[in-house]
Amino acid sequence: MNNNLVITIGRQYGSAGREIGQTLAKRLGIKCYDKELLAVAAKESGLCHELFESHDEKPTSSFLYSLVMDTYSMGYSSSGYMDMPINHKVFLAQFDAIKKLADQESCVIVGRCADYALEDYPHAYSVFIHASMQDRIRRIKRIYELTDDKAKDMIVKTDKKRASYYNYYSSKKWGEAKSYDLSIDSGIIGVEGAVQLIEAFVKIKQQKFTFG
């Protein structure tokens, strides 16, 4: 186990989670992996990048989840992996890519159950970014030039997809405060405030490791 600093960010759609992650990474002088993780997983696994795009954070059934985890426990070398449906392979490839990144470098990883993949890493800190529906509607309608109704519909559908994916592939519940080390309302403190709060939290946690 190494001492690389890894900050994972779960986020409600429209809460500025990706912007917060990118800003935080830049401030810390490390990389931020969001969609970039898909390219890393594709390269490591040898699977086509388009497959990761089409299956990115897509929910599956609890039955399929059990099959995935059984196969994961056996390892990639098993014949079972070769016979798995492609969505299983995509999940496992991302899971492995997240662990390899954490072993290789300090970084920020947005979404994709990264906090669950790294739950045994002592220097991996999990953050969840949320905001009120109204705050998120204002952000999404501004970015994509949508009406309030269309922005809300996009938010509800995306959050449902992310929650289903997280709840099936992890042992925790998406968006629930106890599932994360830190939960932040970006609608109240903004992007810069969220970044400062995460930096302060990490500093406190690192001091705890230093002094015991």
Side-chain angles (χ1 to χ4, degrees), residues 4-26 28 30-45 47 49-60 65 68 72 87-102 105-119 121 124-131 136 139-140 143-144 154-187 191 194-195 198 202:
N4 289 334
L5 168 65
V6 182
I7 302 169
T8 65
I9 296 183
R11 72 287 186 221
Q12 288 184 323
Y13 190 64
S15 66
R18 180 171 58 181
E19 183 180 349
I20 290 168
Q22 291 172 335
T23 303
L24 176 65
K26 186 175 181 180
L28 296 174
I30 59 180
K31 291 183 180 179
C32 177
Y33 292 92
D34 184 9
K35 291 290 186 180
E36 297 85 355
L37 179 64
L38 305 184
V40 173
K43 181 179 179 180
E44 293 284 345
S45 66
L47 297 174
H49 183 269
E50 285 73 20
L51 292 174
F52 288 88
E53 289 283 355
S54 62
H55 290 83
D56 189 27
E57 291 189 296
K58 297 289 178 62
T60 185
Y65 162 75
V68 169
Y72 183 76
N87 59 314
H88 296 193
K89 294 181 182 181
V90 167
F91 167 73
L92 296 181
Q94 286 191 148
F95 208 75
D96 261 11
I98 289 167
K99 286 178 171 291
K100 287 180 180 178
L101 282 174
E105 63 183 276
S106 294
C107 58
V108 174
I109 303 177
V110 179
R112 297 161 188 88
C113 293
D115 60 304
Y116 180 60
L118 303 177
E119 63 178 352
Y121 284 60
Y125 307 126
S126 60
V127 179
F128 189 80
I129 308 297
H130 60 97
R136 292 188 287 146
R139 180 178 176 83
I140 294 302
I143 294 173
Y144 298 106
M154 184 182 291
I155 289 169
V156 170
K157 288 180 178 178
T158 304
D159 278 356
K160 183 177 181 180
K161 181 186 72 171
R162 289 177 178 175
S164 295
Y165 180 85
Y166 185 92
N167 293 343
Y168 281 128
Y169 285 117
S170 83
S171 59
K172 302 179 289 184
K173 187 173 181 180
W174 185 81
E176 193 171 82
K178 67 181 181 180
S179 296
Y180 309 88
D181 296 322
L182 180 65
S183 183
I184 300 174
D185 188 332
S186 61
V191 171
V195 170
I198 296 170
V202 169

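For this chain, numbers begin at 1 and follow the sequence in order. All values below come from the heavy atoms of this structure, side chains included, with hydrogens, waters and symmetry mates left out.
- Side-chain contact between R136 and D159 is present, with at least one heavy-atom pair separated by less than 4.5 Å.
- For the pair Y165/K161, no side-chain contact is recorded, criterion being any heavy-atom separation below 4.5 Å from C-beta on.
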I would like to know whether I198 and I20 meet side chain to side chain contact (heavy atoms under 4.5 Å, CB included); could you show each step before the answer? CA-CA 10 Å; I198 296 170; I20 290 168; 3.9 Å; yes

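- Annotation: side chain of Y116 is not in contact with side chain of T8 (no heavy-atom distance under 4.5 Å).
- The shortest non-hydrogen separation linking A102 to L118 is CB-CD2, 3.6 Å.
- Counting only distance, with no hydrogens or angles, the side chain of K99 and the backbone of A117 share a donor-acceptor pair below 3.5 Å.
- Side-chain atoms of Y169 and Q94, non-hydrogen and from C-beta on, never get closer than 4.5 Å to each other.
- Counting only heavy atoms from C-beta outward, the side chains of V6 and Y121 never approach each other to under 4.5 Å.
- At a threshold of 4.5 Å between non-hydrogen side-chain atoms, the residues I7 and L28 count as touching.
- Within the 4.5 Å cutoff, no side-chain heavy atoms of V127 are placed close to those of L24.
- Scored by the ring pair (Phe, Tyr, Trp, His ring centres under 6.0 Å) test, F128 finds W174, Y180 as partners (sequence neighbours excluded).
- The heavy-atom pair separating S186 from A131 by the smallest distance is OG-CB, 3.8 Å.
- The two residues R11 and R162 have their closest heavy-atom pair at O-NH1, 3.2 Å.
- Minimum interatomic distance between N167 and K172 (heavy atoms only, all atoms of both residues): OD1-O, 3.6 Å.
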